[in-house]
*Asks:* 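If you scroll down you'll find the structure; I have some questions about it.
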Amino acid sequence: MLDSLREGLQNAVAKLVRGNVVDEAAIKEFIRDLQRTLIQGDVNVKIALEVTERVQRRALEEKPAGGVTRKDQVVSILYEEMAHLLGGEGKVQVDKTKPSVMVMLGVQGSGKTTTTAKLARHFAKRGFKVGVVAADTFRPGAVTQLRTLCEPSGVEVFSNDREKDSVKIAREGRKHFEEKNVVIIDTAGRHKEEAGLLEEMKEIVREVKPDYTVLVIDGTIGQQCYNQALAFHRASPVGGIIVTKLDGAAKGGGALAASAATGAKIFYIGTGERIDDLEEFVPTRFVGRLLGMGDLKSLIEMVKAAEVEVDEKSVQRMMSGKLTMDDLLYQFEQMKKFGSFRKVVEHVPGLSGMVNTNELDKAEGRVKVYKSIIQSMTRDERTDPERINASRVKRIARGSGRTEKDVRELLSRYRQMKSLAKSSKGREFRQMMRRMGGQ
Ligand SMILES: Nc1nc2c(ncn2[C@@H]2O[C@H](COP(=O)(O)OP(=O)(O)O)[C@@H](O)[C@H]2O)c(=O)[nH]1
Ligand SMILES: [Mg+2]
């Protein structure tokens, strides 16, 4: 998905990261690379310039926080600004006390009917009662298309073959589905003339008073997205956007542009022709994907939720390669706090390949055993585990009610951790731990 945009952005970032210094010249070159990539990726020129200028200004003015490198800082500024450009997270809220009504707007072929069926299924699967209104009276076979697409999901479709006025059908359908939780009205995307189409949309919206006026935009039309979104938005204010066909040749910039033109948030993206090819849109995740950084926001939130504090002293000791059993226990407990440490590791690009996640899973399950063993050690043994010889292993095993094998396993885990701490991988690991706790 969006291969060229992603490649361009990642190349620009890689070039910056590879460079020796991040000085003014390097930042300016980075900005030029970004501009070229965004514009080639169909992002509206004005928007591309605005966002890159903001990145440049902040990159030149802001000082990195403690423990954060210049390079990391510039990349995270880019990340923030791109996510900001896409607007916050938008969602359709379903209120069970009355129907949430959505009207689908967009030109013919943008994917309204397909998306209507996808959405209907999306909500039906979540246990909501869904009704779909076929208000496209222009296209022959529109009703049949909608029925065929909705049937497998068991979603009821309202239509009226005798009525030619789409505004009336929308009104009738709205009434008919008074008992549903979600009502989606599919409209025509074509009219004798464009002004007529926009006028009809306006009337439907006036008549139905939807909770969500949803604009469906074809992600492959590139630069036109901006003007199309603007035209619809002027006729009836757009509440949410769905960008379709992001699976194919779409360069993706159009998605950015439609959101910026209307100020509306992107609710969903269509990623294929099949009924389940609909994704909730999370801007930070989208940008993370573009920049190849994983889902940084959810990582940060996960860490916050776990309220991981980083013991500076423990980190210091690790840095110097002097690891005690208490430090190790501390590390294990932090992992436990994450719920599943594997999830965290998988979210950090670059780290996932370096840490054996199977080992981590096992470690999680073993923490209780290790804890009781460590508690049976003397203070000297905890600070300097290397002094634990065979007879001590025996004593500790007896004292803790564990087997000698368990004790030896813990010792080998200790040695592993110690050598990891000394290696370059360990440096990155520690940096990450500190960053999590620091900011
Ligand atoms: N690849 C792909 N095709 C899509 C997607 N959404 C819709 N389409 C296709 O786009 C064409 C037009 O869709 P349709 O729903 O009839 O558009 P409408 O005229 O706006 O109702 C159909 O061939 C759909 O299968 C998508 O997310 N990905
Ligand atoms: Mg249609």
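Values reported hereafter were calculated over all heavy atoms of this structure, with side chains retained and with hydrogens, waters and symmetry mates removed. Counting convention: from 1, in listed order, for ligands and their atoms alike.
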*Asks:* What about Lys112: any of its N or O atoms under 3.5 Å from an N or O on ligand 1?
*Replies:* yes
*Asks:* Could you check whether any side-chain heavy atom of Ile77 comes within less than 4.5 Å of a side-chain heavy atom of Glu81, counting everything from C-beta outward?
*Replies:* yes
*Asks:* Please state which protein non-hydrogen atom is closest to atom 12 (C) of ligand 1 and give its distance, to 0.1 Å?
*Replies:*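 Heavy-atom neighbour on the protein nearest atom 12 (C) of ligand 1: Gly109 O, 3.7 Å.
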*Asks:* Please identify which of these residues, Val103, Val133, Ile204, Val208, meets the side chain to side chain contact (heavy atoms under 4.5 Å, CB included) condition with Arg174.
*Replies:* Val208
*Asks:* Are there more than 12 heavy atoms of other residues, nucleotides or ligands under 6.0 Å from atom CD of Glu280?
*Replies:* yes
*Asks:* Heavy-atom pairs closer than 4.0 Å: do any link ligand 1 to the side chain of Lys118, the backbone, both, or neither?
*Replies:*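 Side chain only; the backbone of Lys118 stays clear of ligand 1.
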*Asks:* Look at atom 16 (O) of ligand 1 and say which protein heavy atom is nearest, naming residue and atom and giving the distance to 0.1 Å.
*Replies:* Gln145 NE2, 3.1 Å
*Asks:* Going by the salt bridge (Lys or Arg N to Asp or Glu O under 4.0 Å) test, which pairs reach into residues 147-156, not counting sequence neighbours?
*Replies:*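 Pairs touching residues 147-156 that pass the test: Glu156-Lys180.
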*Asks:* What residue and heavy atom of the protein are closest to atom 25 (O) of ligand 1, and at what distance?
*Replies:* Glu273 OE1, 3.0 Å
*Asks:* Hey, which protein N/O/S atoms does the Mg ion (ligand 2) have under 2.8 Å?
*Replies:* Thr113 OG1
*Asks:* Any idea which protein heavy atom is nearest atom 28 (N) of ligand 1, and the distance to it?
*Replies:* Asp247 OD1, 2.9 Å
*Asks:* Over 60° means perpendicular and under 30° means parallel, so tell me whether His176 and Phe158 are parallel, tilted or perpendicular.
*Replies:* tilted
*Asks:* I'd like to check Glu50 versus Glu53 (side-chain heavy atoms, cut-off strictly below 4.5 Å). Are they in contact?
*Replies:* no
*Asks:* Where is the nearest protein heavy atom to atom 22 (C) of ligand 1: which residue, which atom, and how far?
*Replies:*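 Result: Thr114 OG1, 4.3 Å.
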*Asks:* Examine Gln108 against ligand 1 and note whether any of their N/O atoms are separated by less than 3.5 Å.
*Replies:*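 No, no N or O pair falls under 3.5 Å.
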